Structure formats: C-alpha cells, structure tokens
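Data block below; observations after.
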Amino acid sequence: RGRETIAGRDAEAFELKSRFEGRASYRLWVDHATRYLLQFQVWLAGALAFESSHRSIAFGTVGGAKFPDPKKAGFLDVTRETLQDGDLTGRPVPFATFLPAELPEGFVRRELVKVRIKMIGMSPFTALQATYTDGVATMMLLEFDANDALWKQIREWLAFGSEPPTPSPKGAIVAQRVAGRGGCAIKLATNGTEIIATGQEGPAEQERLDKSLKKADGRKRMKTTTIV
C-alpha cells in the first residue's frame, strides 16, 4: 500500500486479504527503519472493527533500567505443552474437552496446547487452547474447568458473572455472545467445562463451528447451542 507517516515515523503500509468472502482483512503499518509495528487495523464487512495505534514513539535504550523477571519473582509461572488429538483421551486436563467436528472452508488447526498458570496464593489453573487459521484469519478455542477458582475471578472480571450460566431444561449448551470487535466471541458452558470461542471469521461461521463441537473422545456431539 506504499509509505505513510504514523506517529511521526516513516512507515510501510501492508494489507492482508482473505481468499474467502466475509472474513476479516488486516492493515499493518510497520516502521521502515526498525520494522516495529506502529498501527494495526481489522476490517470486517467493509467496516473498521478494531484498531491499535501509536500516537508517538521514540526508539533507544533505557539507561540502567532493570526489569524483574516474573518467573524469578515467583508471581506468575506459565507453562505450555503441545498436545495431539490422541493425548486428550488420557484426560491431560481436569475437565471434559471439546473439539470441532467441522471447520470453516480453508481452516486448519495450527496448535493444540495445554496451558498451566500458577499465581502466588492460588492453586494452578489449567486451560486447553486450540488455534485454527486459514492463513490470514484466526479462530481460537479456550477451555476451562467451570468451577476453577481463578477462572471464576476471570469470569467476573470479564463481566460474565462469578458463576457459570444455568443449563437449559433440555440440556442444550448455554452460550453468551460476549464481543463484537474484530470478529466474534462466544462463551459456552456444558458438562462442567466453559469455552470461549473467538475469531475474525465472522459470527455465522463462528456459530457453525460452535455447533459442531464434540467431546474429544469423539463419542458425543454437543447439542444445539442456545445463544443468550
């Protein structure tokens, strides 16, 4: 897209467009001298859905500054373990896990990861992260134990409430649409597991993926999602 001035810096502008209709496109402005990302935009359905930008910036060294190592400080410890589909049958996480039986056109899974977070004064928190991409757009599933103490705090901080939603009488999945910036995000609750499904592929494709979720052992498909 050429060169522009962003935050007083000479920047190169790029645009990434999906090959698939209805998905997000991305615009990036990169500092010509340092290759640092100065501005980032997500466009969906012809409208600006999200933007992050520097108003001003200066590059250089911070004389004598020392920053603590979070791991040495012991406040936060995060570990990531790459998994394969077969690993999920052995219950590597303390909750039921779900994976999509179908993916939108062009999407493939990029990674399946067990994430373990340890914070001072709290029991370890475990999550499952599955990431999918079509080469431009990204979709992600984050799965948690609905009754985990740290997840309860995060749930309340995200304005979901401190307790999981009450299942419907017929046992259908209870889902809440929780965001609309830069794509779609939906929170689902079932079988003691809560799932945040998010991505830039658009609400219709996101909901189709959510409805295709099944237990990772492949034996049981989730019932139709109820959006609230």
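Quantities reported herein were computed from a predicted structural model and do not represent experimental measurements.
- With hydrogens and angles ignored, the 3.5 Å screen pairs a side-chain donor or acceptor of T193 with a backbone N or O of A96.
- E143 places a side-chain N or O within donor-acceptor distance of the main-chain N or O of F98, the cut-off being under 3.5 Å.
- Using a 4.5 Å cut-off on side-chain heavy atoms (C-beta onward), D145 and T126 make no contact.
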Exercise. Stepwise, does the side-chain contact (heavy atoms from CB on, under 4.5 Å) test hold for E51 with Q39?
Worked result: CA-CA 7 Å; E51 180 177 41; Q39 183 167 284; 3.7 Å; yes
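- Atoms OG and CD, from S52 and Q41 in turn, are 10.0 Å apart once rounded to the nearest 0.5 Å.
- The shortest side-chain heavy-atom distance between Y132 and R110 does not fall under the 4.5 Å cut-off.
- The distance from the CE atom of M140 to the CD1 atom of I195 is 14.0 Å, given to the nearest 0.5 Å.
- Sorted by first then second residue, the salt bridge (Lys or Arg N to Asp or Glu O under 4.0 Å) pairs that include residues 124-141, not counting sequence neighbours, are R23-D134.
- Counting heavy atoms from C-beta on, the side chains of T131 and T138 come closer than 4.5 Å.
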Problem set entry | Full working for side-chain contact (heavy atoms from CB on, under 4.5 Å) between L99 and R109 | CA-CA 11 Å; L99 293 175; R109 193 172 72 207; 4.0 Å; yes
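- Taking hydrophobic clusters as Ile, Leu, Val, Met, Phe, Trp and Tyr residues chained together by side-chain heavy-atom distances below 4.5 Å, I6 shares a cluster with Y36.
- Counting heavy atoms from C-beta on, the side chains of W43 and F50 never come closer than 4.5 Å.
- Between F14 and Y26, the ring centre distance reaches or exceeds 6.0 Å.
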For this session: Please report the C-alpha distance between R80 and E111 in whole Å, then the side-chain angles of each, then the deciding distance to 0.1 Å, and finally whether the salt bridge (Lys or Arg N to Asp or Glu O under 4.0 Å) criterion is met.
Result: CA-CA 11 Å; R80 293 169 58 87; E111 64 176 357; 3.3 Å; yes
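- A salt bridge links E12 to R35: one of the charged nitrogens lies within less than 4.0 Å of a carboxylate oxygen.
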For this session: Go through the steps to decide whether F95 and E194 satisfy the test side-chain contact (heavy atoms from CB on, under 4.5 Å), and finish with yes or no.
Result: CA-CA 9 Å; F95 49 85; E194 289 198 55; over 6 Å; no
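- In terms of heavy atoms, A137 sits closest to F107 at O-CE2, 3.7 Å.
- Listed for the K114 side chain is a donor-acceptor partner under 3.5 Å among the backbone atoms of P92.
- Counting only heavy atoms from C-beta outward, the side chains of L112 and Q84 never approach each other to under 4.5 Å.
- Using a 4.5 Å heavy-atom cutoff, the side chains of L83 and L128 are in contact.
- In this structure, CD in E15 is found 5.0 Å from OG in S25, a value given to the nearest 0.5 Å.
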For this session: For Q129 and L141, run side-chain contact (heavy atoms from CB on, under 4.5 Å): C-alpha distance rounded to whole Å, both residues' side-chain angles, the deciding distance at 0.1 Å, then the answer.
Result: CA-CA 6 Å; Q129 174 186 324; L141 297 177; over 6 Å; no
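- The shortest side-chain heavy-atom distance between F144 and V93 does not fall under the 4.5 Å cut-off.
- Cluster annotation: V136 is not connected to F20 through the hydrophobic network of ILVMFWY side chains, with a link wherever side-chain heavy atoms come within less than 4.5 Å.
- Residues E81 and T79 have side chains that never bring a donor and an acceptor to within less than 3.5 angstrom of each other.
- In this structure, R9 does not pair ionically with E4, as no charged nitrogen and carboxylate oxygen lie closer than 4.0 Å.
- Partners of D148 under the side-chain hydrogen bond (donor to acceptor under 3.5 Å, both in side chains) rule, at least two apart in sequence or in another chain, do not exist in this structure.
- Under the 4.5 Å side-chain heavy-atom criterion for Ile, Leu, Val, Met, Phe, Trp and Tyr, L142 and V78 are members of the same hydrophobic cluster.
- Heavy atoms only, all atoms of each residue included: L103 and V108 are closest at CD1-CA, 4.3 Å.
- Rounding to the nearest 0.5 Å places CG of L38 at 6.0 Å from CD1 of I57.
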